[in-house]
Amino acid sequence: MTSFDDIKLSNAQIAWRAAQDIEDGAYVNLGIGFPEMVAQYTVEGRTPVFHTENGVLGFGPAPAPGEEDWDLINAGKKAITLKPGAAFFHHADSFAMVRGGHLDVAILGAFQVAENGDLANWSTGKGSIPAVGGAMDLVQSAKRVAVVTDHVTKKGEPKLVDRCSMPLTGVACVTRIYTSLAVVDIEGGHFVLREKLPQLSFDDLQSVTGGELKTDGRIADLAVPTL
Amino acid sequence: MTSFDDIKLSNAQIAWRAAQDIEDGAYVNLGIGFPEMVAQYTVEGRTPVFHTENGVLGFGPAPAPGEEDWDLINAGKKAITLKPGAAFFHHADSFAMVRGGHLDVAILGAFQVAENGDLANWSTGKGSIPAVGGAMDLVQSAKRVAVVTDHVTKKGEPKLVDRCSMPLTGVACVTRIYTSLAVVDIEGGHFVLREKLPQLSFDDLQSVTGGELKTDGRIADLAVPTL
Amino acid sequence: MDKTVATLAEAVADISDGATVMIGGFGGSGAPIELIHALIDRRVKGLTVINNNAGNGHVGIASMIENGLVAKMICSFPRSSDPVAFTEAYKSGRLELEVVPQGTLAERIRAAGAGIPAFYTATSYGTELAEGKPVEEFDGKHYVRERWLKADFALIKGELGDPMGNLTYRMAARNFNPIMAMAATKTIAQVSRIVPAGGIDPEQVISPGIFVDTVVEIPNPVQEEVLFREGAVYP
Amino acid sequence: MDKTVATLAEAVADISDGATVMIGGFGGSGAPIELIHALIDRRVKGLTVINNNAGNGHVGIASMIENGLVAKMICSFPRSSDPVAFTEAYKSGRLELEVVPQGTLAERIRAAGAGIPAFYTATSYGTELAEGKPVEEFDGKHYVRERWLKADFALIKGELGDPMGNLTYRMAARNFNPIMAMAATKTIAQVSRIVPAGGIDPEQVISPGIFVDTVVEIPNPVQEEVLFREGAVYP
């Protein structure tokens, strides 16, 4: 089994692709780490509003080194800045935004995503130290839950699977997956391939995907800039 | 059955008596109407903090006529003023204070109080227009729930009864009743007479009380100033 | 992002027959009277209205009732100094009433905004307002289960607003307004002044813009209590 | 009314072995580090600590764990850039852990403050964190029932405080502090500055004094993140 390491998208490119689907004015929560990169590729002319679990709406990028104020951080404990029109609020209000269904998009990382939309991204199972943060809240309540991820693990095992073997973060919650090789939707309990790298055949992609890839006939090229 | 109209306390005097039991620094909610009078008789040197359901903590007396600001009112829709250290908050936070058990004392009016502490004060029954306001919230959650009331109705019927015949506001919630004739505690499902007007005999008082008055041997004089 | 609209008519244009509408305010304080009157001008029918009260005199919600817009009131306290509009409609059977304890009303609204379909409260246990509701014992005390309360629209009144929808309120006019903003599919706010984004200190935002869809500026809004005392009748 | 005390030692004097203690903050922001260190000085044992995290480096909660004060952590995210104190204690079996989804943790705390013994949430449905909890369907969706979370004490960090206990916070340092203030039997706040009653605009009070029992002034409080980056070890 190959992981197509030579042609796969970088994390920056995956983030770029995910950013294209964020609409102007959308309220967006980006998971800690890799998903945070999506903010850097906001489409020109669109002004999404970024939410962080720890009580800020409307934050901007990191300040210059040395300019950090450690009372102004995001969920990943990184220093942030404010955009005009930002607001502070306490944790219960922050999660009222999340759990009340007020966020338009949540983008998270994944260990595994199943073809029914189940997501595993918080615990590798017994023995590891469990740490869930806000992931279980986000996946059950945002209007749209998307995943950014490598298509396969470092060992080359599929991350898109027929059924998650790792502890679930949420059930039937993911609707779109941006991977290093493809864009895959989840519809009616199936993976539906929307876009793939043009260098890959459908069979190539299926060979590194743990569940059956369906199509509705149209598969676009996954085209991203060099970043 | 006599109502002892000639000797009974005025509402101001009942309010005065109730005010004697409010401790310094207590958080207090006073019901609309008669109970509001309790604030006027705050004991010198004590500074209770008054809460109103509509989102103010630390309010003071009515402003001078003509000085009203109708965005600054109490639960009875009367204009109020602020004391230093007041705070505004929304209705859910206001009732978090009530329902979370943060109020030390709630003082309400009553149609009937039963010897088990049941209170009826919101609806006279079928046919009337029901209007409950915050009464059901207050009686179930304040640390101490007291009632100020005439000892009998205008028709001379007991308001302290063995069992409420009118729709309940709350069950087993009242612990002290300040009436126009007496101060009665509710303990272990019984009325326990603490104070009575000295002109009245125990039997006099029992004759206008619908449940059995018990004592623990000590009955003090209900002594209030002329107001 | 610009959530502002220029006119009251635009602000309420989406509200149609049969909608459930939360209306902020406690008596006159915080009542979005200009938005209410703009809604009356649209002559929609069959509304379910959620407010703490049920109108006073012949303006605001009382006028909505008198003018036949309202099929059902959900409130805690339908009495007022002049409740004639409500009382007549209710007694004639034209108006349905659901009485909810005030704290339960506030919490049901907040629950809707926070994604909590049901919660337990001691309030109303053992009373007729708890009839038919599930009861459960926790730590030796009885509690009644209550459901969230959602709305299609919320009409609210703020003090400052910005194009992002951030709002502040004025004194006790805050009351139900911020929680109703959370609980409606579309929240429409009138404010005394619109300031640019950044014109409200982020520390002082009471309703973050995520809860607010439309903002219309009404400088020097009238106070329902003042209208009532003048004996005003709308329209 | 004067809820202020002069010293940190006085502020934490009531906290004894076996207490359940909520500690505000999210990572270092809003962490009442001076109160935590004063508590470490008391060498109490067997505490249950409720915080979003489980400490970083060798200060604050990490130091509480290293110094044997903590029997159980209730948190959403025990990882940090240097979680060695937690990790060692947990792996050795000296420290019990209850992991709670962050929003459920916040809501359970708020529920305790608001008198709601239980509520339903979609969060964690179908996951191992919902095992053993009642599940109910509302409007076709499944929800898990969660219980309130109370504490004996809350240690929180504010910006301004007054003798009535009214508090403001600084930026994202607000986080869990206001809701923990509601949920504890005794809430102890350190603030950067104590102002006279009336020194905080009533519109800008975030925690009304009814939720706060003790206020101690710590001008120029240290920032946990700065201590951590300096490699500080307490005591």
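Keep in mind the model is a prediction, meaning the values are calculated, not measured. Here is how names work: the chains are called A, B, and so on, in the same order as the sequence lines, proteins then strands, and each is numbered from 1.
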Shortest non-hydrogen contact from H102(B) toward M182(D): CE1-O, 3.0 Å

Within the supplied structure, the quantity of interest is the number of heavy atoms (other residues, nucleotides, ligands) at a distance under 6.0 Å from R147(D) CZ; does it exceed 12? yes

Heavy-atom neighbours of K45(D) NZ exceed 12 at 6.0 Å: no

How long is the gap from CD1 on I116(D) to CZ on F95(B), to the nearest 0.5 Å? 12.5 Å

Measuring only between side-chain heavy atoms, which start at C-beta, is I210(D) closer than 4.5 Å to H51(B)? no

For A114(D) and A96(B), which heavy atoms make the closest approach, and how far apart are they? CB-CB, 3.7 Å

Would one find more than 12 heavy atoms of other residues, nucleotides or ligands at under 6.0 Å from atom CG of N220(D)? no

Leading residue by heavy atom contact count with chain B [cutoff under 4.5 Å; candidates G198(D), P202(D), P163(D), G209(D)]: P202(D)

Is the CD atom of E23(B) crowded by more than 12 outside heavy atoms at less than 6.0 Å? no

Would you say CZ of R163(B) has more than 12 non-hydrogen atoms from neighbouring residues, nucleotides or ligands within 6.0 angstrom? no

Hey, what do you get for CG (D93(B)) to CZ (F211(D)), rounding to the nearest 0.5 Å? 6.5 Å

Least distance between heavy atoms, Y27(B) atom then M164(D) atom: OH-O, 3.8 Å

Can you name the nearest heavy-atom pair linking N166(D) to A87(B), along with the distance? OD1-CB, 4.0 Å

Please name the pair of heavy atoms, one in D162(D) and one in G85(B), separated by the smallest distance, quoted to 0.1 Å. OD2-CA, 4.0 Å

Identify the heavy atoms of P208(D) and M97(B) that sit nearest to each other, and give their distance. CG-CE, 3.5 Å

